[in-house]
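As structure tokens, the structure follows; a few thoughts come after it.
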Amino acid sequence: MATLASLADHPMVKERYPALADALRGSASPQIRNLATLGGNLLQRPRCWYFRSQAFHCLRKGGGHCFAIAGENQYHAIFNNMPCAIVHSSTAATVLVALGATIELTNARGATRQLLLEDFFVPPERDLQRENDLQPQEILTAIDLPKLPPSLRMTHLRQGEKDSFDWPLADVAVVLNLGADSICRRVAIVLGAAAPVPHRAKAAEAVLMGRRIDEEAAREAARAALDGATPLTKNAYKLPLFETLVRRAILQAAAPETAAKLH
């Protein structure tokens with residue numbers, strides 16, 4: 001029930017999980033952030049206009065057709081977009097998945113279960129009518145973030161059509177753990193507004209593991225982040241957009257002091 005605004009401004013969140021604070025601070029408008037909860041943000045339904053419109057009986061509503069596949073799909077998924085091309089609605093989820101967050105679910109009898117947030121989200125190929133694994137008579141009661149080592153670095157970048165209260169066209173979270181020798185020991189790269197669930201760019205992560213992070217490595221990983229992309233008729237612009245954001249996010253996480261020099 002914590003609001004987006006209270007978490008974005010919380011001293012502990014800003015100090016220990018700055019990428020999450022950035023993502024929350026850039027979500028919605030100030031009025032909405034002061035009312036919307038993090039739990040509600042994670043559980044919101046898809047914002048696809050065909051799903052939201054009464055005029056279209058789409059697959060997610062039990063119909064026989066995804067109207068976005070050949071329709072107005074400029075804001076839709078570029079990964080795993082068959083049979084349903086929605087993108088995941090939560091910007092916060094992009095960072096939380098990258099951080100390895102877990103959640104607690106409690107049912108009407110008071111029994112609880114925990115699972116990785118990454119495993120909580122349900123892709124369309126698994127179930128067309130559900131976005132998550134919330135069961136009947138369950139509510140989301142906690143979101144737990146792991147204790148992170150001091151060497152861990154993180155960045156969240158987003159791009160929208162305008163700077164304020166806009167859904168992102170693309171957002172990227174990068175979490176890096178660099179050894180004393182500046183070699184990448186742990187990495188998570190997650191893309192938001194790219195797929196029906198937060199999209200883990202595992203090919204890009206594999207490029208960075210065991211390497212020193214420099215411009216060449218970041219560019220190679222950014223290209224690998226697009227492996228498997230299947231853009232639709234009107235959203236291929238997301239490919240160079242994501243490639244740029246991934247490259248910048250990697251370099252910014254690896255060397256925050258160079259962030260102002262990125263182009």
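- At least one side-chain heavy atom of L208 sits less than 4.5 Å from a side-chain heavy atom of L176.
- Panel note: side chain E15, backbone M12; no donor-acceptor pair is recorded below 3.5 Å.
- Atoms CE and CZ, from M209 and R185 in turn, are 8.5 Å apart once rounded to the nearest 0.5 Å.
- Of the candidates R158, H156, Q159, D171 forms a side chain to side chain donor-acceptor pair (under 3.5 Å) with just one, namely H156.
- Residues I78 and L191 are not in side-chain contact: their nearest non-hydrogen atoms beyond the backbone lie 4.5 Å or more apart.
- Listed for the S182 side chain is no donor-acceptor partner under 3.5 Å among the backbone atoms of L178.
- R153 places no side-chain N or O within 3.5 Å of a backbone atom of V175 that could act as its donor or acceptor partner.
- Using a 4.0 Å cut-off between charged nitrogen and carboxylate oxygen, E104 and R113 do not count as a salt-bridge pair.
- More than 12 heavy-atom neighbours from other residues, nucleotides or ligands sit within 6.0 angstrom of NZ on K14.
- Checked by atom type and distance alone, the side chain of N73 never pairs as donor or acceptor with a backbone atom of L232 at under 3.5 Å.
- Rounded to the nearest 0.5 Å, atoms NE2 (H10) and OH (Y17) are 11.5 Å apart.
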Worksheet entry | Steps toward salt bridge (charged side-chain N to carboxylate O under 4.0 Å, His left out) verdict (E118, R200) | CA-CA 9 Å; E118 184 174 2; R200 190 78 178 261; 3.1 Å; yes

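- In this structure, the side chain of T102 does not engage the main chain of L116 through any donor-acceptor pair within 3.5 Å.
- Atom-to-atom distance recorded for I103:CD1 and F120:CZ is 4.0 Å, nearest 0.5 angstrom.
- Taking 4.5 Å as the limit, some side-chain heavy atom of L105 sits within range of a side-chain heavy atom of L140.
- For the pair H76 and K234, the minimum side-chain heavy-atom distance is 4.5 Å or more.
- At a threshold of 4.0 Å, the pair D127-R60 does not count as salt-bridged, since none of the basic side-chain nitrogens sits closer than that to a carboxylate oxygen.
- A donor-acceptor distance shorter than 3.5 angstrom exists from the side chain of N81 to the backbone of T230, with no hydrogens or angles considered.
- For the pair E220 and R211, the salt-bridge criterion is met [side-chain N within less than 4.0 Å of a carboxylate O].
- Within a 6.0 Å sphere centred on CD of Q114, other residues, nucleotides and ligands contribute more than 12 heavy atoms.
- A donor-acceptor contact shorter than 3.5 Å links the side chain of N34 to the backbone of P30.
- When all heavy atoms are compared, the tightest approach of P198 to F121 is CD-CD1, 3.6 Å.
- A distance of 9.5 Å separates CG in L145 from CG in L117, rounded to the nearest 0.5 Å.
- Taking the six-membered ring for Trp and thresholds of 30 and 60 degrees, F56 and Y50 have ring planes more than 60 degrees apart, a perpendicular arrangement.
- Note: S90 OG to L42 CG = 4.5 Å, rounded to the nearest 0.5 Å.
- In this structure the side chain of M154 never reaches within 4.5 angstrom of the side chain of V174, judged on heavy atoms.
- Judged purely by atom type and a 3.5 angstrom limit, R219 has no side-chain atom pairing as donor or acceptor with the backbone of E243.
- The shortest distance between side-chain heavy atoms of I69 and T233 does not fall below 4.5 Å.
- Using modelled atom types, one side-chain atom of R52 and one backbone atom of P46 make a donor-acceptor pair closer than 3.5 Å.
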Discussion item. Using the rule given for salt bridge (charged side-chain N to carboxylate O under 4.0 Å, His left out), can you reason through R33 versus D9, listing the C-alpha separation, both sets of side-chain angles and the distance that settles it, and then say yes or no?
Written reply: CA-CA 11 Å; R33 289 195 297 273; D9 292 334; over 6 Å; no

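- N235 places no side-chain N or O within 3.5 Å of a backbone atom of P231 that could act as its donor or acceptor partner.
- Here the CH2 atom belonging to W167 is positioned 5.5 Å from the OG atom belonging to S89, to the nearest 0.5 angstrom.
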